[in-house]
Amino acid sequence: MPQAQLDDPEGTLAMLRDSVATLASRFPGPASVRAKRAAGGDRDAALWQAMAEAGWTAILLPEELGGAGLTLAEQVVVSEALGRALISEPVAISAVLSSRLLAEAAQSRERDRLAAGLVDGSLALAPAWIDALGRAMTAQTTPGGGFSLTGTKRHVDLALSASDFLVTADMADGVGLFAVRAGGPGMSVETAAGVDGAVIGTVRLERCAVPVEALITSAPSLDELLEEPIAAARVALAAELAGIASRAVEITIDYTKGRVQFGKPIASFQVIQHRLVDMWTDAEFACAAVVNAVETLALGDDRAGRMAVLAAKARAGDAAVSVCRRAVHLHGAMGFTDESDIGLYLKRATGLNATLGQPEDLRLQFVNLERAA
Amino acid sequence: MAAAQDWNALSDAAFRDAFRDLVEGRLPAELRFMRKQRPLFDEVAVWYHALAEEGWLAPVWPVEHGGMGLSPAKHMIYVEEWGRLGCPRIPDHGIGLVGPLLLEHGTEEQKAYYMPRVLSGEHVWCQGYSEPGSGSDLASLRTSAVRDGDEFVVNGQKIWTTLAHCANWIFALVRTSRDEKVRQKGITVLLIDMTTPGVTVRPIANLRGETDFCEVFFDDVRVPVGNVVGEIDQGWNVAKSVLGHERIFLGATTRPEIAIERLEKLAQAKGAFSDPAFRSRYARHRLDLYDLGSAFDRFAKVLREGGELGADVSMLKIFTTELYQRITEETLTLADEDARYFDDIDAGNGKVDAMNLFLDSRAPAIFGGSNEIQRNILAKAVLKLPG
């Protein structure tokens with residue numbers, strides 16, 4: 001029921017939404033999540049390949065890099081639909097963040113190789129930008145003309161499947177983004193189970209030697225390097241979370257209509273009805289916040305755009321987690337079973353909510369931005 | 001009266017400018033940003049008559065009836081500017097409810113008689129719906145109208161009748177017959193001259209110490225049959241059809257905006273923004289308000305594009321009224337021991353009406369269909385829940 005109401009004069013967004021639903025019927029999200037979890041994996045390779053073939057791994061990659069060169073509106077439609085279907089691939093990070101990082105890089109053979117692999121699904125790109133405490137990644141130039149990377153990155157999606165890591169590292173005069181091929185000398189990867197079924201990696205580099213071409217772009221600071229890519233990824237995450245919230249409301253409405261106690265469907269009880277209305281309202285607000293982010297960013301006012309993105313991720317994250325919590329509760333003991341899909345929605349919501357900023361932090365950033373003016 | 005013009009043809013900016021010129025030219029300074037939320041007719045009569053003279057009194061009435069004929073999109077700007085420029089609320093039941101009611105269901109004679117008298121201010125209207133035993137369950141209403149020749153004889157009582165003490169006409173829902181199966185049947189809309197013998201008005205003081213609403217008693221009040229609007233016994237449907245796009249205004253961001261402005265003022269004075277605990281709580285309210293704006297825009301866009309609102313618009317009313325409460329509660333928390341006082345707080349940088357708004361914020365969650373009734377409506381009409 002709730003859905004991001006974006007302007008769609010040509011009906012292209014509706015078609016895109018339908019095509020995600022079609023793919024979801026071929027690759028049911030909950031089954032994919034359970035298989036991935038059982039295998040200790042970090043992605044569903046067949047599903048990712050199908051998404052690449054549909055063009056959804058490079059929606060925000062500029063056309064000159066071989067991407068679709070579309071806008072956040074299209075990304076939001078896809079991400080929201082993936083969220084609804086519980087297709088739990090790291091699209092916001094591996095596809096969106098990577099696309100926007102590559103878009104910042106000047107033309108090079110290495111950049112084009114990575115872009116082409118992202119487009120056709122032959123490469124799995126794993127952005128790694130979060131330093132472990134006391135192990136900040138540094139890049140030192142080596143006599144041979146390349147770089148030596150040392151440090152530890154945490155919370156890395158696709159750490160097992162990655163073909164290439166996109167690693168941020170401090171340099172003498174700023175921050176560099178390095179493409180580091182997986183499995184080379186000096187690299188070790190540990191994983192731990194993520195709440196949503198995929199493992200999450202810690203990537204350790206010890207004097208990991210990379211050629212000079214590995215430096216695909218640089219910036220004076222990490223913020224300047226990451227700001228725009230992270231904003232895009234946050235909007236994609238917000239859309240996915242809004243989709244999760246919306247679908248969790250629908251699943252719970254269906255369940256409570258079918259669950260009979262005291263001779264009546266429990267959805268006929270006023271206390272249940274009012275809770276469902278509040279859950280539905282939260283999902284609607286999440287969708288409206290996502291639309292506001294897309295529309296405000298399109299207007300081009302930098303500060304207003306940043307605030308809208310922070311608000312959208314905060315609202316959608318809060319909505320998804322709290323809607324799913326209440327959804328589990330309204331499923332009764334069934335909701336607490338692993339067999340029931342609603343718990344998978346709660347876990348996915350929790351994981352995405354904790355990705356790229358929890359609501360409390362995002363709200364404070366919003367207020368800081370607003371009050372600094 | 002100014003010559004009729006096509007306001008809808010103006011750009012939004014030009015329309016805003018025209019409104020601002022009007023306010024600056026005709027609204028006395030002492031009436032701007034009034035503390036009193038529901039001033040009596042005489043207190044704002046200057047503004048009422050000025051609006052009428054300039055042709056700005058009835059924004060959505062058709063031009064041939066002396067209105068501006070505004071589209072919903074322009075009407076939203078009108079309401080927005082009204083609030084932004086600090087225009088006082090006028091007794092607006094005649095403009096907002098009686099006019100649309102007559103346009104939809106009135107006879108030509110009724111339109112010709114009543115509508116000009118609303119514009120001139122000769123008739124000041126109030127709305128007689130709720131009764132002591134019929135609040136949320138309005139269809140249980142019992143004020144009776146018994147036919148006696150060409151007249152109805154009305155007996156009963158209305159309550160929570162806003163501004164009845166400055167009105168001289170009331171449009172009331174009365175019971176003309178009873179259907180044991182369908183209680184909504186047998187209700188009729190009746191226009192009653194309040195100067196008729198047998199009408200008594202008693203103001204009720206509210207929590208804020210003001211008297212916005214009243215009880216209205218009817219004791220053998222004789223009303224001509226010609227004062228029925230629409231069909232006899234079909235008043236429920238007549239009354240229900242009146243509110244169209246105006247329902248969006250119940251969900252406007254105005255009240256929480258006013259409240260957060262006070263909270264910010266007090267926080268500034270107390271240096272509370274450097275307290276991380278306060279900042280965290282403030283951030284939640286601030287973002288709730290910001291996101292309410294995004295949700296409001298979704299429905300506003302529907303109206304701008306010529307669409308019609310669905311029942312789902314009720315979500316805005318629930319959210320804005322509960323947010324208004326949360327923010328005013330926060331302001332009292334911040335006021336610390338100053339929250340013991342009824343009067344405004346001296347914040348050092350001016351007065352803050354913390355208690356006034358806290359008390360005021362109790363009301364909107366109750367009126368216009370309590371939030372529980374709104375949730376019932378959403379559960380049935382939007383979520384299609386059973387029972």
Side-chain angles (χ1 to χ4, degrees), chain A residues 1-7 9 249-250 252-253 256-258 260 264-293 295-296 307-308 310-312 314-316 318-319 359-368 370-371, chain B residues 136 251 260 264 267-268 272-274 276-302 304-305 307 310-320 322-323 370-387:
Chain A
M1 258 176 328
Q3 184 177 290
Q5 307 280 334
L6 291 154
D7 289 334
V249 174
E250 293 167 6
T252 310
I253 287 174
T256 53
K257 276 175 156 173
V260 174
K264 286 177 173 177
I266 63 171
S268 66
F269 300 136
Q270 195 176 39
V271 66
I272 305 288
Q273 293 188 345
H274 285 193
R275 285 179 191 176
L276 288 168
V277 166
D278 289 345
M279 290 161 64
W280 165 82
T281 302
D282 287 345
E284 288 283 1
F285 268 67
C287 292
V290 169
V291 171
N292 179 61
E295 292 179 349
T296 306
M307 287 167 55
L310 293 166
R315 174 66 49 184
D318 259 345
E360 171 77 2
D361 178 42
L362 300 171
R363 283 192 297 265
L364 290 171
Q365 287 187 44
F366 177 104
V367 168
N368 291 345
E370 183 169 59
R371 298 199 69 79
Chain B
S136 292
I260 209 161
E264 287 164 355
Q268 208 78 56
F273 280 113
S274 55
F278 172 77
R279 215 172 161 94
S280 162
R281 297 198 305 273
Y282 167 80
R284 196 175 276 274
H285 303 313
R286 177 67 192 95
L287 274 285
D288 279 349
L289 178 57
Y290 180 87
D291 293 338
L292 173 61
S294 302
F296 185 89
D297 279 349
R298 192 200 121 188
F299 291 95
K301 192 195 280 179
V302 169
R304 278 199 300 272
E305 289 168 359
D312 51 356
V313 73
S314 283
M315 77 164 95
L316 299 179
K317 193 266 183 185
I318 297 174
F319 197 95
T320 192
E322 294 179 0
L323 176 58
S370 75
N371 287 9
E372 286 63 39
I373 292 294
Q374 304 289 346
R375 286 184 171 90
N376 288 350
I377 292 168
L378 290 168
K380 295 288 183 305
V382 181
L383 271 53
K384 314 280 185 210
L385 299 180

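We name chains A, B, ... by the order of the sequence lines, and we start the count at 1 in each one.
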Is B:R298 paired with A:E295 through a side-chain N to carboxylate O contact shorter than 4.0 Å? no

In terms of heavy-atom proximity below 4.5 Å to chain B, should A:A314 be classed as side chain, backbone, both, or neither? neither

Under a 4.5 Å heavy-atom cutoff, which of B:R286, B:K380, B:Q374 has the most pairs with chain A? B:R286

Mind checking whether B:N376 and A:H274 have side chains closer than 4.5 Å, heavy atoms only? yes

Can you tell which part of A:D318 gets under 4.5 Å to a heavy atom of chain B, answering side chain, backbone, both or neither? side chain

Honestly, is A:R371 close enough over B:F273, meaning NZ or CZ under 6.0 Å from the six-membered ring centre and within 45° of the axis? yes

What are the two closest heavy atoms between A:D278 and B:R375, and how far apart are they? OD1-NE, 2.8 Å

Please tell me if the side chains of B:L385 and A:I253 come closer than 4.5 Å, counting only heavy atoms from C-beta onward. yes

Checking the side chain of A:Q273 only, and the main-chain atoms of B:L383 only, is there a donor and an acceptor separated by less than 3.5 Å? no

Please check if the number of heavy atoms outside A:R275 that lie under 6.0 Å from its CZ is greater than 12. no

Looking at side-chain heavy atoms only, is the closest gap between A:F285 and B:D288 below 4.5 Å? no

A:E360 versus chain B, the contacting section by heavy-atom distance below 4.5 Å: side chain

Heavy-atom contact with chain B under 4.5 Å, split by part of A:E370: side chain

Parallel, tilted or perpendicular for A:F366 and B:Y290, by the 30°/60° rule? perpendicular

Pair B:R279, A:N368: side-chain N/O donor-acceptor within cut-off below 3.5 Å: yes

